[in-house]
Amino acid sequence: MPVEEASEDAVLGGRLVLRQPLRGHRVGHDAILLAAATSAQSGDHAVDLGSGVGGAGLALARRIEGLNVTLVEIDPALAALAAGNAQRNGLADRVRAVCLDVESSVADFIAAGLAPGSAACVLMNPPFNVAQQPSPDRARRQAHAATEGTLERWLRTAARLLRADGVVTLIWRADGLADVLAALARDFGAVAVLPVHPKPGAAAIRVLVRGTKGSRAPLALLPGFLLADSDTKPTAVAEAVLRKGEALSLNGN
């Protein structure tokens with residue numbers, strides 16, 4: 001991507017430097033919250049579906065030493081930026097990027113080195129807006145605009161990639177929680193939901209959701225996560241997650 005069309009931005013308090021397009025979808029709080037809420041261990045394989053320039057997957061790799069991550073992105077330019085970002089942050093030995101549609105066939109995934117049952121965890125920030133007036137920017141449209149059934153198809157891919165006890169973690173609009181729970185019901189249980197609130201007394205704007213493949217354990221609704229206090233200053237826990245790279249537990253079961 002030409003230099004004049006991209007920027008280099010520090011995230012996680014400077015723990016990562018990401019090259020990303022000036023226009024279209026850019027890495028923000030959602031990606032960092034998703035990485036923080038994803039649990040994994042050294043030696044595991046994590047797959048970041050719809051990774052963009054790699055913000056969430058790279059943040060996860062930065063937090064967990066020895067974790068191997070595959071970034072899956074449909075846009076060739078973003079996939080190339082993701083690969084460059086892995087190199088730029090000294091993570092190319094553990095993080096790779098592949099240009100692939102999340103809804104591609106099993107054969108295409110196998111050809112990309114992603115066989116069924118090969119992942120311990122999958123994280124994703126799927127497109128979650130049904131656009132009334134689609135953006136003229138193709139990259140922004142791909143990142144944000146969903147069609148009916150998008151979530152179900154992405155979760156089907158996640159279930160296929162995960163091993164028997166694998167875990168999927170995703171971030172979604174809070175007002176779409178019912179859709180998330182319905183889509184998870186086919187393959188996942190032990191679902192934990194963490195609402196994300198902009199400030200005290202405000203309705204949640206996002207939900208972080210985790211599910212375990214094949215589990216029959218019940219749903220757990222966790223206490224909300226506050227991004228800012230009543231004076232609109234970042235809360236201590238938000239600072240710890242968004243700037244210091246600390247984990248965000250969804251262990252509700």
Side-chain angles (χ1 to χ4, degrees), residues 7-18 20-22 24-40 46 48-64 85 89 121-130 140 143-146 151 167-181 184 191-211 219-253:
S7 63
E8 283 194 5
D9 303 289
V11 299
L12 276 180
R15 289 169 175 76
L16 285 178
V17 176
L18 301 176
Q20 57 183 330
L22 288 170
H25 179 69
R26 290 171 59 81
V27 174
H29 285 358
D30 284 6
I32 305 306
L33 289 171
L34 175 62
T38 301
S39 59
D48 181 0
L49 295 179
S51 67
V53 300
L58 289 167
L60 181 62
R62 174 65 78 215
R63 176 166 60 86
I64 302 175
N85 285 332
N89 289 280
C121 58
V122 169
L123 60 156
M124 56 181 175
N125 179 9
F128 51 52
N129 294 319
V130 179
R140 180 174 287 275
H144 293 284
L151 180 58
V167 175
V168 64
T169 308
L170 68 146
I171 190 165
W172 196 260
R173 299 186 335 266
D175 63 2
L177 177 58
D179 296 329
V180 175
L181 296 179
L184 284 166
V191 174
V193 179
L194 177 66
V196 179
H197 301 265
K199 61 182 180 179
I205 53 173
R206 295 285 187 270
V207 284
L208 287 156
V209 185
R210 186 193 67 184
L219 171 75
L221 181 60
L222 307 177
F225 177 89
L226 286 174
L227 291 170
D229 61 23
S230 55
D231 295 323
T232 71
K233 295 179 180 179
T235 62
V237 67
E239 282 283 287
V241 169
L242 297 173
R243 293 186 57 80
K244 299 178 182 178
E246 293 187 10
L248 184 56
S249 176
L250 267 69
N251 293 322
N253 292 300

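As the structure is a computational prediction, the values presented were derived from the model and not from experiment. Values below: every heavy atom of this structure, side chains too, minus hydrogens, waters and symmetry copies.
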Roughly how far apart are [X] [atom1] and [Y] [atom2], rounded to 0.5 Å?
| X | Y | atom1 | atom2 | value |
| --- | --- | --- | --- | --- |
| Leu170 | Leu123 | CG | CG | 10.0 Å |
| Leu222 | Leu194 | CG | CG | 5.5 Å |
| Leu49 | Asn125 | CG | CG | 11.0 Å |
| Asn89 | Leu58 | CG | CG | 6.0 Å |
| Met124 | Thr169 | CE | OG1 | 9.0 Å |

Looking only at atom types and distance, does a side-chain atom of Arg15 sit under 3.5 Å from a main-chain N or O of Arg243, one as donor and one as acceptor?
yes
Examine distances only and state if a side-chain atom of Arg62 and a backbone atom of Leu16 form a donor-acceptor pair shorter than 3.5 Å.
no
Identify, with sequence neighbours excluded, every residue that meets salt bridge (charged side-chain N to carboxylate O under 4.0 Å, His left out) alongside Asp175.
Arg173
Output all residues satisfying side-chain hydrogen bond (donor to acceptor under 3.5 Å, both in side chains) with Asp30, sequence neighbours left out; order by chain, then residue number.
Arg206
What are the two closest non-hydrogen atoms of Gly55 and Val27, and how far apart are they?
CA-CG2, 4.1 Å
Closest non-hydrogen atom pair between Pro200 and Ala228, with its separation
CD-O, 3.2 Å
Could you go step by step and tell me if Leu208 and Phe225 meet the side chain to side chain contact (heavy atoms under 4.5 Å, CB included) rule?
CA-CA 10 Å; Leu208 287 156; Phe225 177 89; over 6 Å; no
Crowding at NE2, His197 (>12 non-hydrogen neighbours, <6.0 Å):
yes
Would you mind writing out the side-chain donor-acceptor pairs for residues 31-40 within the sub-3.5 Å range, not counting sequence neighbours?
| unit_1 | atom_1 | unit_2 | atom_2 | d |
| --- | --- | --- | --- | --- |
| Thr38 | OG1 | Leu34 | O | 2.8 |

With [X], which residues qualify under side chain to side chain contact (heavy atoms under 4.5 Å, CB included), at least two apart?
| X | value |
| --- | --- |
| Leu181 | Leu177, Val191, Val193, Leu219 |
| Ala174 | Ala204, Val207 |
| Asp9 | Ser7, Gln20, Arg26 |
| Ala202 | Pro198, Lys199 |

When the side chains of residues 233-241 are checked against the rest of the protein, which donor-acceptor pairs come out under 3.5 Å, sequence neighbours left out?
| unit_1 | atom_1 | unit_2 | atom_2 | d |
| --- | --- | --- | --- | --- |
| Thr235 | OG1 | Leu226 | O | 2.7 |
| Thr235 | OG1 | Ala238 | N | 3.1 |

Not counting sequence neighbours, list each pair that qualifies as a side chain to side chain donor-acceptor pair (under 3.5 Å) and has a residue in residues 222-232.
none
